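In what follows, a structure is listed as structure tokens, so that the remarks can point back to it.
The structure presented is a predicted model; accordingly, all values stated were derived computationally and were not measured. The figures that follow rest on heavy atoms only: side chains count, while hydrogens, waters and symmetry mates do not.
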Amino acid sequence: MTDPRDLPADVPSAGSPSPDPLVRHFRQILMWPLQLMPIEGLEGEVPRHWEYLDRCPGLNAWAELADEFTVDPAEFQERHYREFATFLPHVQRFLYGQAQSVAGQVGYGESPIRIFRRTDVASCRMRFADGGTVDFHVQHVDLYFFFDIDIVMLVVEIDADDLPLSRAQEVLYRFGRASPAGWNPDGSAQACLRGCEWIGHDGQVLACSDLDDRAAYLHYTGRHRAQNVAAHWRFLLEPMVLHHSEHAGPLRYRQIEYHRIPKLTYLSLDDPFALSETDFVRLTLATRAEPGLPLPHSPGTIDEVTRTMFYDRFWNPALGDVRASMRVTCNGHALAMVGSSRHALFTDPQAGLLGQFRHQYFLVGLIAHFHKASLLSVSDQLLSTVSLLDVDDRSSARQFRTSIRSIREAFLRFNHRYWFHEVSNQSMARDLFELWRTHLRTETLFQELREEILDMGQYLDSDDARQHGDAVLRLTVVTILGLIGTIATGFMGMNLIDEADNPLPVKIGYFAAVLLPTLALTMLTVRYSKALSELLDAVADDSRRGWSQRWRTLREIVAGRRRRPPGLPRG
């Protein structure tokens with residue numbers, strides 16, 4: 001069914017259309033979490049994903065980004081200091097690591113984050129349904145790897161100047177989709193750009209989207225039961241390949257979240273106060289531009305959006321001051337920051353809100369989405385492990401126990417190394433992180449996953465205790481019955497059969513004649529250890545009034561007719 005919001009918005013409104021203000025500077029950061037699959041097909045020690053990427057043969061696009069703290073201290077900029085000072089010490093160690101102390105102690109060590117950047121992409125050309133085309137400058141394309149967590153984050157930052165607000169809304173709505181949600185009757189991809197191209201520094205087209213190739217997407221999903229990824233996104237991730245792709249390559253990934261890529265968007269306008277509440281709701285929900293048309297939402301929905309997704313700490317239209325013209329909205333999936341283009345407080349790329357948006361608040365969002373992606377990855381591993389369990393197959397049970405212990409160890413390391421409830425004491429960074437956490441429901445997801453892993457741990461512990469109890473039971477029964485024979489033979493002495501002078505074959509025959517029945521008796525004892533244990537319990541039970549009741553119980557046990565709770569097997 002075609003989304004009515006995806007049809008051309010050319011219906012005239014009843015009143016005069018509102019002017020379309022210019023976004024003086026538009027900037028958007030996409031951060032796409034992906035799940036990395038285990039590296040297979042390599043001989044010898046298997047490297048980490050970023051280590052293989054670093055030495056991948058024939059690869060020139062990606063290069064590891066130098067740590068800002070390892071360069072000459074004279075080159076360390078104030079922007080780096082402002083970014084570092086935003087976060088609490090435990091988050092600083094996570095993001096930047098910790099240098100060796102004067103006493104020689106290493107402490108936390110290096111940061112668990114490895115960043116790779118490709119510099120061959122210069123711009124992104126977007127084609128829209130109305131025939132318009134806009135080239136966006138690509139600031140950078142990065143891959144963020146995390147130690148001990150099979151998650152990689154693709155980060156793409158684009159910017160442009162003097163965009164109509166309606167065009168900016170179209171970018172929020174249509175750009176950043178890994179695959180189409182469906183197709184319109186004319187065959188075009190629903191809710192997507194008409195085309196997207198990555199352009200190199202020499203103007204050459206590096207990759208084009210294939211969003212309109214409906215047959216290819218249907219074939220892929222029908223065959224693999226997974227969503228395909230558009231060609232222009234697959235190009236950015238090379239030499240990594242999609243998990244179900246037919247292309248060869250040990251570095252493989254798959255989607256872990258929704259096909260809409262999370263994003264942060266910055267918009268500076270001459271007069272932010274001129275935007276209506278409808279405009280802000282559209283920016284908040286990242287919906288398409290519909291000039292002159294009302295929102296297709298109920299008043300209760302709009303009230304919930306304004307109440308739970310607007311951050312108005314520095315927004316005061318009544319004051320009319322550009323210093324109070326900054327408004328932030330966040331729904332978890334998309335964050336939008338709107339402010340005035342007439343004040344350096346908002347536009348300064350070093351000390352202003354633009355610089356903080358690109359660095360501090362980007363890292364806050366990166367941590368929030370990394371938390372969710374990591375929890376979903378561990379949950380996926382747990383589900384796969386449980387689904388492969390066959391309780392009747394001993395090898396499957398052993399593999400299940402090994403996998404569950406590995407997942408518990410991974411979750412423990414994640415909990416102590418990566419899980420934060422607070423990242424900053426600065427009001428805006430703290431509040432935005434809490435806003436992200438609330439809408440992403442990471443705290444709820446963490447508690448649910450923790451309970452599932454604890455349940456699995458309790459199951460393994462109880463299973464270990466059961467097996468240990470069964471072993472002790474069998475050992476006890478065998479020991480008690482073996483004690484009878486030991487005492488009897490010991491009392492009669494070792495010379496009951498005087499065969500000391502007979503030939504060796506005769507002695508071996510006697511030995512075998514004794515060994516085989518003894519071995520058979522021992523095996524039978526182990527086989528019926530539970531029933532024999534019940535016999536011993538019946539004899540030792542002091543609660544029975546007389547020997548007649550005890551003999552009756554013994555006969556029932558021997559005959560296998562002792563009453564048992566329904567559903568329980570016989571001993």
Side-chain angles (χ1 to χ4, degrees), residues 1-7 30-41 49 126-127 129 143 150-154 156 172-198 207-263 286-288 332-334 369 372-388 440 445:
M1 179 178 179
T2 302
D3 188 348
R5 294 176 297 172
D6 198 48
L7 298 175
L30 304 180
M31 43 189 182
W32 188 15
L34 297 165
Q35 184 179 11
L36 293 169
M37 309 309 294
I39 298 179
E40 299 178 353
H49 293 85
M126 301 186 194
R127 305 184 185 276
L143 284 176
D150 291 336
I151 290 294
V152 63
M153 302 276 282
L154 174 67
V156 180
L172 262 73
Y173 178 57
R174 300 185 184 279
F175 184 57
R177 292 178 180 264
S179 55
W183 289 265
N184 296 316
D186 62 356
S188 60
Q190 190 179 98
C192 295
L193 297 167
R194 285 297 178 264
C196 183
E197 301 170 354
W198 301 116
C208 301
S209 62
D210 61 347
L211 298 169
D212 294 342
D213 193 352
R214 178 175 176 269
Y217 285 92
L218 295 179
H219 175 78
Y220 185 93
T221 301
R223 179 177 180 181
H224 301 294
R225 303 183 187 182
Q227 275 188 286
N228 198 0
V229 172
H232 60 296
W233 293 116
R234 296 200 305 268
F235 167 79
L236 282 189
L237 292 165
E238 292 177 353
M240 296 194 302
V241 296
L242 197 57
H243 177 48
H244 295 293
S245 171
E246 297 178 355
H247 297 285
L251 293 179
R252 312 188 77 85
Y253 64 89
R254 66 180 179 184
Q255 299 186 64
I256 190 66
E257 290 191 60
Y258 189 47
H259 68 273
R260 296 187 67 177
I261 301 175
K263 63 191 69 176
T287 60
R288 60 159 294 164
H333 166 75
H369 283 279
K372 182 176 182 180
S374 300
L375 293 171
L376 291 176
S377 176
V378 176
S379 178
D380 180 74
Q381 296 176 33
L382 188 63
L383 177 61
S384 299
T385 300
V386 173
S387 62
L388 293 175
L440 292 176
L445 184 60

Can you check whether [Y]'s main-chain N or O pairs, donor with acceptor, with [X]'s side chain at less than 3.5 Å?
X: Ser377; Y: Ala373; result: no
X: Arg177; Y: Ala191; result: yes
X: Ser387; Y: Leu383; result: yes
X: Arg234; Y: Val229; result: yes

**OP:** Could you pull out all residues at least two apart from His219 that satisfy ring pair (Phe, Tyr, Trp, His ring centres under 6.0 Å)?
**Re:**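 If we apply the ring pair (Phe, Tyr, Trp, His ring centres under 6.0 Å) test to His219, skipping adjacent residues, there are no hits.
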**OP:** Please name all residues satisfying ring pair (Phe, Tyr, Trp, His ring centres under 6.0 Å) with Tyr253, sequence neighbours left out, ordered by chain then number.
**Re:**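 If we apply the ring pair (Phe, Tyr, Trp, His ring centres under 6.0 Å) test to Tyr253, skipping adjacent residues, there are no hits.
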For [X] and [Y], work out which heavy atoms get closest and say how close.
X: His232; Y: Ser209; value: ND1-CB, 3.2 Å
X: His259; Y: Ala181; value: NE2-CB, 4.1 Å
X: Trp183; Y: Ala189; value: CD1-CA, 3.7 Å
X: Leu154; Y: Trp233; value: CD2-CE3, 4.2 Å

Nearest 0.5 Å, please: how far is [atom2] in [Y] from [atom1] in [X]?
X: Leu375; Y: Asp380; atom1: CG; atom2: CG; result: 12.5 Å
X: Cys196; Y: Met126; atom1: SG; atom2: CE; result: 6.0 Å
X: Asp150; Y: His49; atom1: CG; atom2: NE2; result: 5.5 Å
X: Ile256; Y: Lys372; atom1: CD1; atom2: NZ; result: 10.5 Å
X: Met240; Y: Leu242; atom1: CE; atom2: CG; result: 10.5 Å
X: Asp186; Y: Asp212; atom1: CG; atom2: CG; result: 8.0 Å

Do [X] and [Y] come within less than 4.5 Å of each other through their side chains, counting heavy atoms only?
X: Ile261; Y: Phe175; result: no
X: Trp32; Y: Leu30; result: no
X: Leu143; Y: Leu237; result: yes
X: Asp213; Y: Tyr220; result: no
X: Ser179; Y: Asn228; result: no
X: Pro180; Y: Gln190; result: no
X: Met153; Y: Pro33; result: yes

**OP:** Applying salt bridge (charged side-chain N to carboxylate O under 4.0 Å, His left out), name anything that partners Glu197, two or more places apart in sequence or on another chain.
**Re:** Arg125, Arg127
Original post:
Listed by chain and number, what are the side-chain hydrogen bond (donor to acceptor under 3.5 Å, both in side chains) partners of Gln255, not counting sequence neighbours?
Top reply: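 Once residues adjacent in sequence are excluded, Gln255 has no partner under the side-chain hydrogen bond (donor to acceptor under 3.5 Å, both in side chains) criterion.
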**OP:** Return the set of residues passing side chain to side chain contact (heavy atoms under 4.5 Å, CB included) with Ala334 (not counting sequence neighbours), or none when no residue passes.
**Re:**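 Counting only residues at least two positions away or on another chain, Ala334 forms a side chain to side chain contact (heavy atoms under 4.5 Å, CB included) with Lys263, Ala286, Asn331.
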**OP:** Could you name each residue pair satisfying side chain to side chain donor-acceptor pair (under 3.5 Å) that touches residues 243-252, not counting sequence neighbours?
**Re:** Arg223-Glu246
